[in-house]
Protein chains: 2
Amino acid sequence: MTSDCQKLSSVLQLWDKSLIVEGQRQMRNTQTMPELELQSPGKQPTIRDVAELAGVATSTVSRALTNPGRVNHVTRERIEEAAAQLNYIPSSQARGLSSGRTQTVAVLVPDITNPFYFDIIRGTQHQLKAAGYTQLLVDTEESADMEADALQKMRRSADGFILAASRLTDEQLTEAAAQQPLVTINRAPAIAPTVVIDTPSAIIQALEHLVSLGHTKICFVGGPATSWSNAKRWQAFQVETKERELTTSSVGPFAPKTTSGAAAADAAVHTGATACIVFNDLLAIGMLQRLRERGIRVPEDMSIVGCDDIFGADFCNPPLTTMASPIEQAGRVAVSMLLSRLNPQYGGTSRRLAVMPTHLTVRASTGAAPAH
Amino acid sequence: MTSDCQKLSSVLQLWDKSLIVEGQRQMRNTQTMPELELQSPGKQPTIRDVAELAGVATSTVSRALTNPGRVNHVTRERIEEAAAQLNYIPSSQARGLSSGRTQTVAVLVPDITNPFYFDIIRGTQHQLKAAGYTQLLVDTEESADMEADALQKMRRSADGFILAASRLTDEQLTEAAAQQPLVTINRAPAIAPTVVIDTPSAIIQALEHLVSLGHTKICFVGGPATSWSNAKRWQAFQVETKERELTTSSVGPFAPKTTSGAAAADAAVHTGATACIVFNDLLAIGMLQRLRERGIRVPEDMSIVGCDDIFGADFCNPPLTTMASPIEQAGRVAVSMLLSRLNPQYGGTSRRLAVMPTHLTVRASTGAAPAH
DNA sequence: CAATTTTTGGCAATCGCTTGTCATCCCTAT
DNA sequence: ATAGGGATGACAAGCGATTGCCAAAAATTG
């Protein structure tokens, strides 16, 4: 225990000399320090303070700040100056309460740690901020129930929703869409406005690529059963392979995580296929690892095509051939679609469907079919 | 153009048969569909409706819902039942307005697409949700100004802040900490309550590891100049290498992104070192790529140690030896520290510092020093 | 059984802002 | 010069909860 403390204090030393003494009486990795009080926010200036300082009525201040055209130019400047001087920030709560709008959009994703969604999130965040909206990020943990729940619980606190790769059933989705404005990403159009990443057409490219390399036995490695994207990719795969008279197989469903890759790889190998089209990159990367462990060479013995071109697809081993999607842009477009509904006055044609093009990015995980 | 449309419509077919007709008159990747109206949320039930249905006063409803002990058990059940029946959700806006609390915590991270922060975010999200708080995620884009700005703008809409790897100056941080409750992650203690990931002691482990492999010329590859973590790692590196009488060098600062890896790799190679301790995994992975391009073998010619053990560190090529951090846990602890300040009644000892242990994870990017 | 304490529940003010209504003022056009 | 009209700004009523204060009811005590 003593040596523990000493070791730890020597570590603390590296952070801050002043901590050494404290460090000696600390317990494990926790330490109570002299209480430096943590301020609670003092009284904040209100619209009334600003009005007073500017010598106008509060309503004038409100209009000057939210509806600038409604107020005299010079008066408005005076008000803005006063506001700045007082460091005034309107309370979004009060604002929302009386106006009925929250200026907030909730973005629901199935798994916050899946890199695919990072880019979506970044796209939505960017576009929302530009429009003066706040983004509320929700991780629904791949669960339709949690998704429905969040949708319910937050209906008062968000003006609209963006559902990325929703796991809801069509019924649930229809119901949700009737309750509040929402836009889906990668989900059947018609139920709600949707941004679709055109992976089916990328599947065609991927198949052509594999065929050109001599592959004839191709396996589809499926993702989550409740994923609409997965269904569409599978559908495209079936249609296109039939047209080309290829020998196909499929395995799955698998969770879209690298940890599912081992099972997926084993199953795919077992089918005798020489190439796999995999639901997404996460799964594909997991497969790559497993295949190496088993001594199955990629791409000499087995070619792998992923989907999404996420972070990591370029530096895994071997780098992954994948169907690249403009993910961040999809997030942005989804926000535009939602906002144009939320604020019809600013119009823009209210599209109900946006299709994002994709393309195949060939790296090292695909190669000529093995000569048997 | 016609062929464009045809190609596209054949793609649409894969999504939804009902879209084929629509598909034919679509423009490029956009399409306007018959307007299926997007509901605006109807009248929401208020606390008054619940009170009426339950046959009590609104204040009773309010108490029953927020302060259950204050109300008769059976009455409360009746109220809860009524609330459930009406599908009542309290308006967080109105609640916040009158109570002064928002039940929201803002989490500020420098780069939302940096995997290091994913885990932080997931940790905070998890813990906040468990406590009934909402997380507001903000990407400050590695900018101290944006960070300060967000802190200002959101002071009304969040009860507290968590600053992950803040880029603020000490002065800015001190000022911010005086204005609102906040907890920092990986930042100097003393200014504000902090969760520190103990990378300095991991640096010791890393150095011992490298020394045991025979390395004597070691280069520190630095991260952002405004990063406190970077400063501390550098400091630890200096102290420990001096004690061991190693030949050292340093390069940087570099942005903590894979794209900076090329410059970092070239610079590090130029110093003649046989091993690098790199600010973080992102940079290290970028270096790995560059080194391969240049035909410098890892670890035969050069050993690389990263930091953080982020997503990707295990499947890059070669898999990265790195100093692993309990990142998600750091996020969770930060939230606990913040909440125990926000709600002193629920107490818990208000720690001002939590130190998260780290350890070295050895993979394939480190090996014996080259015989010269 | 009366007196006292403890629960329980209702009233009404309040939070900070938006917004409908209306009075005022200044221009313009006749 | 004066009526008509458009800008501009003041007033006050909410928005939907919370909460301090107090009254009524119930439980406890002697």
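To find a chain, count down the sequence lines: A is the first, B the second, and so on, and within it residues start at 1.
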Are the side chains of [Y] and [X] in contact, using a 4.5 Å heavy-atom criterion?
X	Y	value
A:Q152	B:N87	yes
A:R352	A:R341	yes
B:D49	B:Y88	no

Legend entry - Check against side chain to side chain donor-acceptor pair (under 3.5 Å), B:T184 and B:T194: CA-CA 5 Å; B:T184 54; B:T194 299; 2.8 Å; yes

Legend entry - A:R122/B:D111 salt bridge by N-O under 4.0 Å criterion: yes

Legend entry - Check ion pair B:R48-B:E52 (N to O, under 4.0 angstrom): no

Inset, instruction - Using a heavy-atom cut-off of under 4.0 Å over every strand shown, decide if A:T75 touches base, sugar-phosphate, or nothing. - result: sugar-phosphate

Inset, instruction - Give a yes-or-no answer on whether the side chains of B:R95 and B:Q103 include a donor-acceptor pair shorter than 3.5 Å. - result: no

Between atom [atom1] in [X] and atom [atom2] in [N], what is the gap in whole Å?
X	N	atom1	atom2	answer
B:R48	C:dG9	CZ	P	19 Å
A:R156	D:dC15	CZ	P	12 Å
B:H73	C:dG9	NE2	P	13 Å
B:Q93	C:dG16	CD	C1'	12 Å
A:Q44	C:dC17	CD	C1'	15 Å

Inset, instruction - Would you give the length of the straight line joining atom CG of A:L173 to atom CH2 of A:W228, rounded to the nearest 0.5 angstrom? - result: 11.5 Å

Legend entry - Sequence-aligned protein contact record of nucleotides 18-26 of chain D, with B where the base is within under 4.0 Å of a protein heavy atom and S where only the sugar-phosphate is: BBBB-----

Legend entry - Angle between terminal axes - the helix from C:dC1-D:dG30 to C:dT30-D:dA1, 5 pairs each end, rounded to 10°: 30°

Legend entry - Given DNA chain C, 5'-ward residue of the pair B:L97 and B:G55, judged by closest heavy atom: B:G55

